[in-house]
Protein chains: 2
Amino acid sequence: MSDAHDAGFQVTGTVRPGGRTSRTREAVHHAVRELMAMHNGEPPEIPEVAARSGINAATIYRRWRTRDALVLDVAVADVNAASPVPATGDLRTDLLAYTRRLVETFARPGGLGFVNALTTASRDARIGTDRVRELVQPRLDRFQEMLDASGTTELSPLDLVLLILGPAHLGATLGLIEPDHDVAARLVDSVLDVAAGRRLRAAGGG
Amino acid sequence: MSDAHDAGFQVTGTVRPGGRTSRTREAVHHAVRELMAMHNGEPPEIPEVAARSGINAATIYRRWRTRDALVLDVAVADVNAASPVPATGDLRTDLLAYTRRLVETFARPGGLGFVNALTTASRDARIGTDRVRELVQPRLDRFQEMLDASGTTELSPLDLVLLILGPAHLGATLGLIEPDHDVAARLVDSVLDVAAGRRLRAAGGG
DNA sequence: ATCTTAACGCAACCCTATTTGCATGAGCGC
DNA sequence: GCGCTCATGCAAATAGGGTTGCGTTAAGAT
């Protein structure tokens with residue numbers, strides 16, 4: 001009754017992280033990525049992952065417990081592995097680089113799957129809000145750096161998350177985005193319009 | 001091989017729509033709403049719905065086939081039952097009324113569940129893009145009316161969907177929205193800033 | 001009122017995800 | 001290299017979602 005399972009999911013930081021354990025982890029992660037890419041972002045079932053990775057299903061169940069936790073683990077690993085876009089000091093340039101990559105990621109087969117895993121996890125108390133924050137917070141920090149570098153005070157990192165990730169996510173999810181139209185630029189310009197509007201309002205009065 | 005199941009989901013428009021059939025439908029819908037509200041928007045399992053509604057599980061499976069299709073059916077029914085906000089001619093007023101209701105809906109227990117059902121359905125080819133469009137298109141039309149009434153040409157209905165529904169959805173999903181802060185007003189003002197920005201840009205020089 | 005048959009309830013059945021006990025293999029500290 | 005465990009594989013057992021055949025109930029038409 002007091003084993004690791006009660007405290008949540010170990011997933012990482014195990015007592016014996018190297019060698020075989022590490023290889024198992026990579027094999028499973030790899031299979032998850034492939035399966036999600038070919039199933040349109042749908043979280044794969046554990047037996048499927050087991051078959052493709054060559055890792056016994058019982059092992060996967062013991063280490064990750066549930067599908068959602070497994071997918072989220074892969075998502076966290078991927079995002080943490082991605083190199084951040086640099087903050088040049090020009091907000092439009094920075095946001096554009098970021099947004100383009102985001103849109104491209106969403107458009108990739110199964111690219112939405114990991115965001116969906118995140119949203120699913122955020123409404124599941126068992127997986128934990130902290131694991132969600134683990135993904136969101138670095139994004140907020142990254143945006144703050146961009147804002148600082150360009151000296152923008154009219155926008156908060158939260159604004160950027162909502163106004164860029166929000167539309168990009170919904171548009172990709174519902175298939176509302178035409179590939180020929182440069183959505184990234186349009187989104188970034190919208191955000192800059194918002195900043196300009198607030199700047200004017202602050203200067204005008206109020 | 002040629003029964004109704006192959007063509008998709010009947011769900012409505014059955015040969016015998018009244019009386020018992022209608023009561024069954026209402027009982028099941030009611031149970032789904034309650035269960036989603038108490039499970040934080042998680043789609044309930046069919047046996048659960050059966051137990052709570054008093055309708056036999058086999059009946060539910062026969063009429064709706066899958067969890068996702070059932071939840072989506074409830075979502076469509078709810079949205080269609082909601083009275084639309086009137087278009088007064090003042091874009092800010094109209095958008096504000098719409099957005100406030102939206103944010104409030106999302107904040108309600110399980111309020112996100114139906115949007116999630118929609119997004120889930122949109123990536124599931126079996127449920128059908130037409131049923132998704134059945135929900136999205138009236139929203140687009142509604143926005144178009146608001147734009148027409150106010151004479152706004154800088155924004156498209158799609159812009160409004162992306163810039164209002166997108167941030168509202170993501171913010172609610174990830175729990176990024178503080179209740180005391182008037183998110184609806186902030187979102188609407190952002191959209192108006194975008195419109196103003198485009199207006200200026202068009203006037204200044206293509 | 002009667003008839004036809006769609007819609008339903010019931011219960012047995014199937015399928016597959018998930019769990020669990022036990023034996024084996026392999027990190028990692030010594 | 002040796003030994004202590006953790007991590008894994010294997011296979012049997014479990015559980016619960018989903019299906020199906022059949023008898024019953026009750027719309028809706030005449």
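Throughout, a chain's letter reflects where its sequence line sits, starting with A, and its residues are numbered from 1.
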Check the phosphate of [N] against [X], side-chain N and O only, distance under 4.0 Å to OP1 or OP2. Yes or no?
X       : N      : result
A/Thr24 : D/dT8  : yes
A/Arg63 : D/dT8  : yes
A/Tyr61 : C/dT18 : yes

Quick one, A/Arg142 with A/Glu145, criterion salt bridge (Lys or Arg N to Asp or Glu O under 4.0 Å). Give me CA distance, side-chain angles, the key distance, then yes/no. CA-CA 5 Å; A/Arg142 204 74 205 91; A/Glu145 290 178 35; 2.3 Å; yes
Side chains of residues 104-111 of chain B: which donor-acceptor pairs under 3.5 Å do they make with residues two or more places apart or in other chains?
unit_1: B/Thr105; atom_1: OG1; unit_2: B/Arg101; atom_2: O; d: 2.8

How large an angle, rounded to 10°, do the end axes of the helix from C/dA1-D/dT30 to C/dC30-D/dG1 enclose when each is built from five base pairs? 50°
List the residues meeting side chain to side chain contact (heavy atoms under 4.5 Å, CB included) with A/Asn56, not counting sequence neighbours, and say none if there are none. A/Ala58, A/Thr59
B/Arg20 (side chain) and D/dT25 (base): donor-acceptor pair under 3.5 Å: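 In this structure, the two groups form a donor-acceptor pair.
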Between the side chains of B/His30 and B/Glu34, does any donor sit under 3.5 Å from an acceptor?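 Distance-only check passes for B/His30 and B/Glu34.
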Rounded distance in Å - CZ (A/Arg67) to P (C/dT16):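 A/Arg67 atom CZ is separated from C/dT16 atom P by 15 Å.
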Tell me the interatomic distance from A/Arg25, atom CZ, to D/dC6, atom C1', rounded to whole angstroms. 17 Å
What heavy-atom pair brings [X] and [Y] nearest, and what distance separates the two atoms?
X        : Y        : result
B/Leu147 : B/Leu155 : CD1-O, 3.3 Å
B/Val136 : A/Leu174 : CG2-CD1, 4.3 Å
A/Ala185 : A/Leu96  : CA-CD1, 3.6 Å

Sorted by number, residues from residues 37-60 of chain A placing a heavy atom under 4.0 Å from DNA chain D are A/Gly54, A/Ile55, A/Asn56, A/Ala58, A/Thr59
Which nucleotide, D/dG9, C/dC10, C/dG27, lies nearest any side-chain atom of B/Arg62? C/dC10
Pairs of donor and acceptor atoms involving the side chains of residues 190-197 of chain B, under 3.5 Å and at least two apart or interchain, shall be tabulated with distances.
unit_1: B/Ser190; atom_1: OG; unit_2: A/Arg198; atom_2: NH2; d: 3.4
unit_1: B/Ser190; atom_1: OG; unit_2: B/Arg186; atom_2: O; d: 2.9
unit_1: B/Asp193; atom_1: OD1; unit_2: A/Arg201; atom_2: NH2; d: 2.7
unit_1: B/Asp193; atom_1: OD2; unit_2: A/Arg201; atom_2: NH2; d: 2.8

What residues, two or more places apart in sequence or in another chain, satisfy ring-ring contact (aromatic ring centres under 6.0 Å, His included) together with A/Phe143? A/Tyr98
Counting the atoms with a prime plus P, OP1 and OP2 as sugar-phosphate, which does A/Arg23 contact under 4.0 Å by heavy atoms, base, sugar-phosphate, or nothing?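 Contact class for A/Arg23: sugar-phosphate only.
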